[in-house]
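A, B, ... follow the sequence lines: proteins, then strands. Residue 1 opens every chain. Here the structure is a predicted model, which means the values were calculated and not measured.
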2 protein chains.
Amino acid sequence: MSKLTISDIAARAGVSKATVSRVLNDRAEGVGPETRAHVRAILAETGFQPSAMARGLATGHSRSVGLIIPDVINPFHPLLVSGAEQALSAVGYSLFLCNTGSNGAKQGDYIRVLVDKRVDGVILDSVGFEAEAQVRLLEREGIPVVLLDCVIGDRASRYGVVLDNDHGVREAMEFLFRRPDRRLLYIGGPSDMSQSVDRRNSVERIAREWRLAGDQLTVLPGDFGLECGFRLVTELIGKQSGRPFPFNGVFAANDMMALGVLKALRRAGVSVPGEVEVLGYDDIEFARLIDPPLSTVAQPALEMGAASAELLLRLINNDKPRRKTVVMKPRLILRGTTLAPDDVGQTHIQE
Amino acid sequence: MSKLTISDIAARAGVSKATVSRVLNDRAEGVGPETRAHVRAILAETGFQPSAMARGLATGHSRSVGLIIPDVINPFHPLLVSGAEQALSAVGYSLFLCNTGSNGAKQGDYIRVLVDKRVDGVILDSVGFEAEAQVRLLEREGIPVVLLDCVIGDRASRYGVVLDNDHGVREAMEFLFRRPDRRLLYIGGPSDMSQSVDRRNSVERIAREWRLAGDQLTVLPGDFGLECGFRLVTELIGKQSGRPFPFNGVFAANDMMALGVLKALRRAGVSVPGEVEVLGYDDIEFARLIDPPLSTVAQPALEMGAASAELLLRLINNDKPRRKTVVMKPRLILRGTTLAPDDVGQTHIQE
DNA sequence: TTGAAAGCGCTAACAC
DNA sequence: GTGTTAGCGCTTTCAA
């Protein structure tokens, strides 16, 4: 409980604070082997822990970073957090977790807090339109920022880690349209999240490229919530009381909505994947836990979190990479809610 | 980017640093209304943010706390985190997230980091046997600790927030044994987690109290993993190729195992809840997302997180509560994997 | 190789 | 009501 300071150690060792400091920081030169050993012994014996605040004040950096996310409870985010945390803790950085609850004002507050904590950098997974101004505050303070899974403003102007949504969507679409008789329902996400806008744009671009006919693709807006997927599909099926349905495949912009879709189809007694194939996006943990396990476009979330931390660490060390954006590739994972790629007649479970 | 300091502000306002400091900290006395307004104006105009590190050094507290958890990816923990985060951020405290990956050594490292960050307090949700010594390190430094969802050492000696597992188990057992013909399979959790030990002890105590016969209750050890629930039930069913099964109810010590049980039963074509009722423990988000939704003993995880933060804040403010332990009540939630309490013939969905 | 001393940016007595 | 001053615990020149 004895709030030991470096002076106490210096006194006990019979040397100056400067020397203790040198030992503490493993400075190669500036201290003789004897003294070093002696000081080390005292350090160990007292269990002395230097104050990070005092050190931070003196050096100008805190060895801590802020991680801003919309919602830890959303099953996708903990993966990002965990990935970043591992990369950061491995090199001795601490993490301020800033959970905004998707609230722009709270996000602003947190950014202000991070500024006054003098964090060395910020990883920002943000939603909302006010983000640009908030990021500029950090930039004005000279605090490096890495955008995670989001783009703010001009995408070439800031460092960031994003998913190649176009790639993911394209793989999904190629898979789904392997069947010439495909009639697809695409359910998009909120229009204020760059990811969902990206995905939807890709879907529509591909539809134009392939000159899909009107009955081959229906695009509906969603909100990333399970209920939404459930409701949309229930309504569509309700209208069309008999078979066949207006669609034989559903591609949801995230897994939660896909889960809602599955629930609706099950309630209606529609067989999956026999009558309708379902594909999600994200690969949250639950995707493979349900029965049948959900086919989906997997985001390498842990890796994205880790990549954002690594990128930030480089920025902190002033080792700026030539390309500002790290693009991660999503991966199509076929499980139980889709038919085999070639054989359009039986369930195919990969993995 | 102009690393403004309090001296700069003082200079621009034509007052002393002390005055600026008084304004910054909203000290009622010691500064005239004019000066105050003037300084406020400059503060606003420059967007000055005082350095938390400098302030911390001067005051001796950092307005930040550490939250140590085994694994953010485990769907139960983000709820604790979120609850604590909300309570903390509401009063201006920041959160260092320490994710140990259930690794005792990493937990020790993190505790050391928190000590040198001079956090004002620590919330510890810990696993493992080395925890006691680690907590003592914090105690030696005079850092308040609140144990969250775990007990370390003698449970009366430390502050903590725990779940009343005995209450939860008792409610569950009373519900399950409303049927005189009940034959229950109980699947426990790991033996190094106090919660799962508690639950199992309660089950066995109740069995003795009620003098349950051998065929009315089978207790099997598990590991909290989905696979484990799946395997155990698959094996049991495999042995007993025909009906009826050796059990008509399964009570799992957590939801993940219950999900595994459901999967096994579905694979085997056993109807739930008709032939076998299934009850979980935790109420993770997925519990109500699956079909049929899982009946379970709900832990008020958000509230537990919040309670731990509130308790910690009181300790930090030296306002020690008379009772060291906050006990939260779990709640039995009946959904689709159990039959109605009274009418043992049809599915009952509450909520 | 070592030590003395001047800060880092703030707060808090204590004067005025 | 306001300013002066001495730290808080560390790092880091600069001398010795």
Side-chain angles (χ1 to χ4, degrees), chain A residues 2-40 42-43 46-64 92 113 115-120 141-142, chain B residues 2-40 42-43 46-64 92 113 115-120 141-142:
Chain A
S2 47
K3 276 268 102 80
L4 253 350
T5 79
I6 199 175
S7 309
D8 299 325
I9 305 299
R12 286 177 62 148
V15 299
S16 72
K17 297 194 305 177
T19 300
V20 177
S21 172
R22 285 189 269 256
V23 174
L24 235 27
N25 295 290
D26 278 321
R27 295 246 179 289
E29 17 89 339
V31 41
E34 326 252 272
T35 346
R36 185 180 301 263
H38 179 216
V39 174
R40 280 241 174 82
I42 308 251
L43 251 21
T46 56
F48 173 71
Q49 299 280 104
S51 156
M53 286 195 306
R55 170 178 294 171
L57 186 46
T59 60
H61 32 253
S62 58
R63 294 192 80 78
S64 63
V113 168
V115 168
D116 74 44
K117 293 281 184 196
R118 301 294 191 265
V119 292
D120 295 339
E141 299 287 345
Chain B
S2 47
K3 277 267 102 82
L4 253 352
T5 78
I6 201 176
S7 310
D8 300 324
I9 304 298
R12 287 180 57 151
V15 299
S16 72
K17 296 193 306 177
T19 301
V20 177
S21 173
R22 286 189 268 256
V23 174
L24 236 27
N25 295 290
D26 278 321
R27 295 245 179 290
E29 17 88 340
V31 43
E34 325 252 272
T35 347
R36 187 180 299 264
H38 179 216
V39 173
R40 280 242 175 81
I42 309 248
L43 251 22
T46 54
F48 172 73
Q49 298 281 105
S51 155
M53 286 194 307
R55 170 179 294 172
L57 227 213
T59 60
H61 32 254
S62 58
R63 294 193 80 77
S64 62
V113 169
V115 168
D116 75 42
K117 294 280 185 197
R118 301 295 190 265
V119 291
D120 296 338
E141 299 287 344

On a plain distance test, is the side chain of B:R118 in donor-acceptor contact with the base of D:dG9 below 3.5 Å?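 No such pair is found, so the answer is no.
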
Nearest heavy atom decides the nucleotide; on that basis, is B:T35 or A:L57 closer to the 5' end of DNA chain D?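 By nearest-heavy-atom nucleotide position, the 5'-most residue is B:T35.
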
Non-hydrogen atoms of B:S62 and A:M53 that approach each other most closely: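 Shortest heavy-atom separation between B:S62 and A:M53 comes out as CB-SD, 3.9 Å.
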
Could you report the tightest heavy-atom contact between B:K17 and B:A10, atom names first, then the distance?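 Shortest heavy-atom contact: N-CB, 3.7 Å.
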
Assign each of B:A18 and B:M53 to its nearest nucleotide of DNA chain C by heavy atoms, then name whichever residue's nucleotide is nearer the 5' end. B:M53

Whole angstrom value for the distance that separates [atom2] of [N] from [atom1] of [X]:
X      : N      : atom1 : atom2 : value
A:D8   : D:dG9  : CG    : P     : 9 Å
A:Q49  : D:dC10 : CD    : P     : 11 Å
B:K17  : D:dT5  : NZ    : C1'   : 9 Å
B:R27  : D:dG3  : CZ    : P     : 17 Å
A:R22  : D:dT13 : CZ    : P     : 11 Å
B:K117 : D:dG9  : NZ    : C1'   : 15 Å
B:I6   : D:dT5  : CD1   : P     : 17 Å
A:I9   : D:dG9  : CD1   : P     : 12 Å

Identify whether any heavy atom of A:S21 sits under 4.0 Å from a base atom; if not, whether one sits that close to sugar-phosphate; answer base, sugar-phosphate or nothing. base

Side-chain N,O (B:T19) to OP1/OP2 (D:dG3) below 4.0 Å: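 So the side-chain polar atoms of B:T19 do come within 4.0 Å of the phosphate oxygens OP1 or OP2 of D:dG3, strictly under.
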
Any side-chain heavy-atom pair of A:D116 and B:R55 under 4.5 Å: no

Would you say the side chain of A:L24 lies within less than 4.5 Å of the side chain of A:F48, judging by non-hydrogen atoms?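 In contact.
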
Does any N or O in the side chain of A:R36 come within less than 3.5 Å of the main-chain N or O of A:A28, such that one atom is a donor and the other an acceptor? yes

Take atom CZ of A:R12 as the centre, draw a 6.0 Å sphere, and report whether it contains more than 12 heavy atoms from other residues, nucleotides or ligands.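 Incorrect, the count does not exceed 12.
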
Taking 5' to 3' order, which nucleotide of DNA chain C is first and which is last to have an atom within less than 4.0 Å of a heavy atom in chain A? C:dT1 to C:dG9

Interatomic distance, OG1@B:T46 vs CD1@B:I9, rounded to 0.5 Å, equals 3.5 Å

